[in-house]
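Start at 1 and go down the list; that is how both ligands and their atoms are numbered. Fair warning: this is a prediction, and the values are worked out from it, not measured in the lab. Starting from 1, each residue takes its place in the sequence as its number.
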Amino acid sequence: MEITADIHLTRNAGFILDVDITVRPRGITALYGPSGSGKSTLLRLLAGLERGTDKDRIRITSENTVWQDETTFVPPEKRGIGFVFQQQQLFPHLTVQGNLHFALNRQHTQNDLDADQVYEWLHLMPLMGKEIYQLSGGEAQRVAIARVLLNGAKCILLDEPLGSIDTASRSRILPYLDRLHRNLQIPMVYVTHSYEEITYLADYLFVLDEGKIKSKGSLLELSSTLELNSVEGESAAAVIQCTVAKHDLTYHLSELDFEGATIFVNAENYRVDESLRVRIPARDVSIATTQPDNSSILNVLEVEVVSFEENPGPSVLVRLRRNKQFILARITKKSLNILNLQRGQKVYAQIKSVALLMENTGE
Ligand code: ADP
Ligand code: MG
């Protein structure tokens with residue numbers, strides 16, 4: 001299912017949502033932006049949970065069907081979408097299994113999903129007999145996502161689904177969501193203000209600010225831009241695409257091919273030739289102008305300085321390019337000056353290998 005939306009909506013309080021987006025038929029499209037930027041409003045419009053007034057200009061289509069324009073309004077239950085909120089509305093009087101069977105029995109459309117497959121992706125078998133109150137926040141969200149899938153959703157809209165979950169549980173659920181999205185044939189629209197979640201999950205990104213789209217593109221294009229990362233402080237990170245080249249079982253390290261260079265990580269759970277995304281926090285990357293030797297850091301990449309932040313702070317982000325991909329380094333302004341870094345200069349990026357791999361489920 002592909003969805004396109006062209007929206008110009010004005011709220012009484014003066015807020016204007018003015019966006020034009022396309023949700024691709026596969027993968028996770030993320031709506032990212034600060035609180036109040038209009039993410040939930042946009043998601044609710046896509047779902048048909050909100051419809052604006054006669055003064056607004058709203059056109060939403062899915063494939064060849066108009067969901068909303070001046071004359072048409074398709075109600076939410078006819079759109080074939082599933083909605084996952086921050087706080088779940090699972091049935092408290094039913095067990096996990098009860099909740100899931102309820103969804104299966106009430107399936108309004110067929111989406112060719114195999115229930116057992118969904119349980120496996122979201123690791124639900126151990127939870128089946130539990131009561132809803134016995135679930136952690138992250139577990140409840142996994143059940144909630146399974147429920148909308150089993151209910152026949154052809155697209156899932158998630159509004160800050162991990163927003164009320166503590167950081168530790170959040171990092172436990174991210175790998176499940178990641179695995180789900182790599183296997184799922186239907187699209188998800190994922191709303192969040194967490195850059196970490198974006199770098200783990202998003203394929204495409206719409207960055208919202210005050211009701212407008214500030215930037216859009218694939219995660220691989222956008223995640224390494226200074227524009228997006230400048231406001232992220234310690235969370236600044238680039239995402240790159242690598243391919244598993246080989247495994248070294250002696251050291252439990254794998255070699256990933258990254259634009260013709262080798263990155264060493266623990267990636268034993270991936271197959272050789274499998275392509276994967278690697279998240280590199282900017283704070284774990286340092287720069288040397290000559291090839292470092294005698295270093296404990298395994299990952300040293302020859303790269304080119306593309307640009308760096310011009311700001312008054314003590315540290316700067318530097319954008320580095322290797323062929324078609326980019327990484328970021330956060331270094332002190334003092335280092336920038338001492339190394340006398342120039343745009344176009346060839347340098348060596350040293351990456352602490354521990355920071356590299358996206359978490360996986362370990363199965
Ligand atoms: P986000 O999800 O990015 O935090 P929202 O879409 O919730 O942003 O809100 C966008 C703007 O619309 C904000 O200014 C907010 O105060 C306003 N708003 C949100 N919901 C309503 C509502 N039901 N009625 C009036 N204004 C609202
Ligand atoms: Mg919101």
Q: Please indicate whether R271 has more than 12 foreign heavy atoms, meaning atoms of other residues, nucleotides or ligands, lying under 6.0 Å from its CZ.
A: no
Q: Can you pull out the closest protein heavy atom to atom 7 (O) of ligand 1? Residue, atom name and distance to 0.1 Å, please.
A: S40 CB, 3.8 Å
(Q) Donor-acceptor check, side chain of D56 to backbone of T10, threshold 3.5 angstrom: yes or no? (A) yes
(Q) Do R44 and F83 form a cation-pi contact, if we require the NZ or CZ to be under 6.0 Å from the six-membered ring centre and within 45 degrees of the ring's axis? (A) no
**Q.** Proximity of Y204 and F206 rings by center, below 6.0 Å
**A.** no
Q: Measure A13 to ligand 1 on non-hydrogen atoms and call it side chain, backbone, both or neither using the 4.0 Å cut-off.
A: neither
Q) Taking all non-hydrogen atoms of both residues, which atom of T72 and which atom of V66 are closest, and how far apart? A) CG2-O, 3.7 Å
Q: Return the residue, atom name and 0.1 Å-rounded distance of the protein heavy atom closest to atom 9 (O) of ligand 1.
A: T41 OG1, 3.8 Å
Q.
Given I145, which partner from the list V118, L158, L150, L124 fulfils the side chain to side chain contact (heavy atoms under 4.5 Å, CB included) test?
A. L158
Q) What do we get for R11 next to ligand 1 when only non-hydrogen atoms under 4.0 Å count, side chain, backbone, both or neither? A) side chain
Q) What atoms in ligand 1 come closer than 4.0 Å to a heavy atom of S35? A) 4 (O)
(Q) Assess, by modelled atom type and distance only, whether the side chains of S315 and R283 contain a donor and an acceptor separated by less than 3.5 Å. (A) no
Q) From S35, does some N, O or S atom reach closer than 2.8 Å to the Mg ion (ligand 2)? A) no
Q: Look at atom 26 (N) of ligand 1 and say whether a protein heavy atom is found at less than 4.0 angstrom from it.
A: yes
Q: Please verify whether a non-hydrogen atom of G36 lies at under 4.0 Å from ligand 1.
A: yes
(Q) When you measure from atom 5 (P) of ligand 1 to the protein, is at least one non-hydrogen atom found at a distance under 4.0 Å? (A) yes
**Q.** Those atoms of ligand 1 less than 4.0 Å from some heavy atom in P34
**A.** 3 (O)
Q) Looking at atom 21 (C) of ligand 1, is any protein heavy atom nearer than 4.0 Å to it? A) yes
Q. Does the side chain of T71 pick up a donor-acceptor pair with the side chain of D69 at under 3.5 Å?
A. yes
Q: Would you check the N or O atoms of G38, main chain and side chain alike, for any that come under 3.5 Å of an N or O of ligand 1?
A: yes
